[in-house]
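Hydrogens, waters and symmetry mates play no part in the numbers below; they use all other heavy atoms, side chains included. Naming: A, B, ... by sequence-line order, numbering from 1 per chain.
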2 protein chains.
Amino acid sequence: MRERKKQATREALREAALRLAVEHGPDRVRVEDIAEAAGVSPRTYNNYFASREQAIVSAVTADREARIAAAIAARPAGVRLADAVTEAVVEQYTNTGERGHEALLLITTRTALREAFLDTTAGIERPLAAVITDRLDDTETHTARVLAASVATAVRIALEGWLRPTGNADAAGSFEAGGLVVPSGSLPDQLRAALAPLAPAFDAAEQRTQP
Amino acid sequence: MRERKKQATREALREAALRLAVEHGPDRVRVEDIAEAAGVSPRTYNNYFASREQAIVSAVTADREARIAAAIAARPAGVRLADAVTEAVVEQYTNTGERGHEALLLITTRTALREAFLDTTAGIERPLAAVITDRLDDTETHTARVLAASVATAVRIALEGWLRPTGNADAAGSFEAGGLVVPSGSLPDQLRAALAPLAPAFDAAEQRTQP
DNA sequence: ATGCAAACTTGCGCGCACGCACTTTTCCTG
DNA sequence: CAGGAAAAGTGCGTGCGCGCAAGTTTGCAT
């Protein structure tokens, strides 16, 4: 019950943040405004979110982490773990609800929001590690955690590649300086391309536990 | 020449931050103090560092990124890429200079500093991606970037596992909740264990370009 | 029902990150 | 060598993150 109200407040903050951001533009909204719209004090606000951007982005990302983990767990035990992970990730990232896609356009226009959005990929690491550990029956080594973290960063890279064309010019410049040129395609393509190099690592880990 | 003075200021700030942190304790030092000790204004300080912790940690990590990349490039072309990366990483992380190790003890005692220290692993991603791209002759796909980023997070995981025993109890609790129990060993062991699962991915990528 | 303990919220205050406008230094070019 | 442009450093103001010490609500047990 205490937890109920907690989540209600969180949801109110999320929605208020997104609504105000859409109305007045992301830069024209202060924490004070969000808090007021949600009916709490500014101090309470950042008991829930560490930054203004987090609140806005969180309205879009919601609890994607849990959905991805659940989707992987739902796949039959027979399929390759690498495929299960890839499909679950692609599925959950293309299913942006009605309101999700319009908000995404807003996010892609502001650098600060894009970074906050990219930071959410780190959040999938723990749930992913849990479900992978379960599949591999590996509780002793770093294997599951490393694979989970690798997936998280691969997703991040895919999103970066996808957001690139919208980004400003110097960002592309710093990339070219790194010697990396990436043709941007659709989001699912980007995700699959980024996850593909990790498949051999999953296969090896999977074979070690189930020969 | 302009770059010269820039690096000199950076170095002065690094050293001042570390010295003051050791003298008065990391929490007892303000940005103002660091800036004064380095002979610049507080405003200039955070043209160089985004946070107080970054400055302190940076005195230890210096430019480890460049050293790792250089170490990989220095390995003969015959050896497995996975081995080259692993050895280079282990080498550069065990070579903490005279002053490095005493400062590490300080870092491990404060949570904020440990997090800043762990964040430095992200910095090796770009140099690593550059050198891996070079080895793989792969400039079109995400492969090199994904592998580089995976290595970076693997290193982070290894460092987390290594710092764990020093950490507070609830951190260990949240880990157990994730279903992960890791026996902590020496730093080189942790690094090798964390990088091992990625070796198949490197092998596959390497074989694709040089059959 | 009533009291108690834990947890959530709130007001307050300090230091810090960072944008903006300005001064000083450094470098280049005629 | 002089002058001007570019870059580094500085002062100032604003909003924010967060610790601390209350006040308030929730849940449990008596």
Side-chain angles (χ1 to χ4, degrees), chain A residues 1-14 16-18 20-21 24-58 109-116 119-120 122 168 170 173-174, chain B residues 1-18 20-21 24-58 109-116 119-120 122 168 170-171 173-174:
Chain A
M1 171 51 168
R2 184 123 68 191
E3 207 60 25
R4 264 282 184 267
K5 196 154 194 172
K6 201 173 171 181
Q7 290 302 329
T9 303
R10 172 173 246 105
E11 184 60 29
L13 283 171
R14 279 195 235 201
L18 179 55
L20 291 178
H24 310 112
D27 301 336
R28 294 292 178 192
V29 57
R30 295 169 306 172
V31 167
E32 186 183 340
D33 304 330
I34 299 176
E36 188 190 12
V40 296
S41 86
R43 182 61 184 83
T44 297
Y45 160 83
N46 56 0
N47 287 341
Y48 288 90
F49 298 102
S51 73
R52 192 176 53 255
E53 291 77 15
Q54 262 189 29
I56 301 176
V57 164
S58 124
T109 61
R110 309 281 174 165
T111 307
L113 288 180
R114 273 184 295 166
E115 291 185 350
D119 283 344
T120 62
N168 44 15
D170 55 357
S174 67
Chain B
M1 173 50 168
R2 185 128 65 191
E3 208 61 24
R4 264 283 184 267
K5 196 154 195 173
K6 202 174 170 181
Q7 290 303 329
T9 303
R10 171 172 245 104
E11 185 60 29
L13 282 170
R14 278 195 239 209
E15 187 154 0
L18 179 56
L20 292 178
H24 309 112
D27 301 335
R28 295 291 178 192
V29 58
R30 295 170 307 172
V31 167
E32 185 183 339
D33 304 331
I34 300 176
E36 188 190 12
V40 296
S41 86
R43 182 61 185 84
T44 296
Y45 159 84
N46 57 350
N47 287 341
Y48 287 90
F49 299 102
S51 73
R52 193 174 52 256
E53 290 77 15
Q54 262 189 29
I56 300 175
V57 164
S58 122
T109 61
R110 309 280 175 166
T111 307
L113 288 180
R114 271 185 296 167
E115 291 185 350
D119 283 343
T120 62
N168 45 13
D170 56 355
S174 67

Send over the distance from [X] [atom1] to [N] [atom2], rounded to a whole Å.
{"X": "B/Gln7", "N": "D/dA8", "atom1": "CD", "atom2": "P", "answer": "11 Å"}
{"X": "A/Phe49", "N": "C/dT9", "atom1": "CZ", "atom2": "P", "answer": "12 Å"}
{"X": "A/Asp27", "N": "C/dG19", "atom1": "CG", "atom2": "P", "answer": "11 Å"}
{"X": "B/Arg10", "N": "D/dA8", "atom1": "CZ", "atom2": "P", "answer": "11 Å"}
{"X": "A/Ile56", "N": "D/dC16", "atom1": "CD1", "atom2": "C1'", "answer": "14 Å"}
{"X": "A/Leu13", "N": "C/dT9", "atom1": "CG", "atom2": "C1'", "answer": "12 Å"}

Partner set under salt bridge (Lys or Arg N to Asp or Glu O under 4.0 Å) for [X], not counting sequence neighbours:
{"X": "B/Arg43", "result": "none"}
{"X": "A/Glu36", "result": "none"}
{"X": "B/Arg10", "result": "none"}

On the nucleotide [N], are OP1 or OP2 found under 4.0 Å from the side-chain N or O atoms that [X] carries?
{"X": "B/Thr9", "N": "D/dA8", "value": "no"}
{"X": "B/Lys6", "N": "D/dA8", "value": "yes"}
{"X": "B/Lys5", "N": "C/dT26", "value": "yes"}

| Roughly how far, to the nearest 0.5 Å, is the OH atom of B/Tyr45 from the CD1 atom of B/Ile34? | 5.0 Å

| task | Just do the side chain to side chain contact (heavy atoms under 4.5 Å, CB included) check on B/Leu18 and B/Arg14 with the steps written out, would you? | result | CA-CA 6 Å; B/Leu18 179 56; B/Arg14 278 195 239 209; over 6 Å; no

| Results of side chain to side chain donor-acceptor pair (under 3.5 Å) for A/Glu11 - residues two or more places apart only | none

| query | In degrees rounded to 10°, what angle is found between the helical axes fit to the five outermost pairs at each end of the helix from C/dA1-D/dT30 to C/dG30-D/dC1? | reply | 20°

So do [Y] and [X] actually touch side chain to side chain, heavy atoms under 4.5 Å?
{"X": "A/Leu13", "Y": "A/Val40", "answer": "yes"}
{"X": "A/Tyr48", "Y": "A/Gln54", "answer": "no"}
{"X": "B/Arg114", "Y": "B/Thr111", "answer": "yes"}

Can you give me the N/O atom pairs linking the protein to nucleotides 10-16 of chain C at distances under 3.5 Å, or say none if there are none?
| from | atom 1 | to | atom 2 | distance (Å) |
| --- | --- | --- | --- | --- |
| C/dT10 | OP2 | A/Ser41 | N | 3.2 |
| C/dT10 | OP2 | A/Thr44 | OG1 | 2.1 |
| C/dG11 | O6 | A/Arg43 | NE | 3.4 |
| C/dC16 | OP1 | B/Val31 | N | 3.0 |

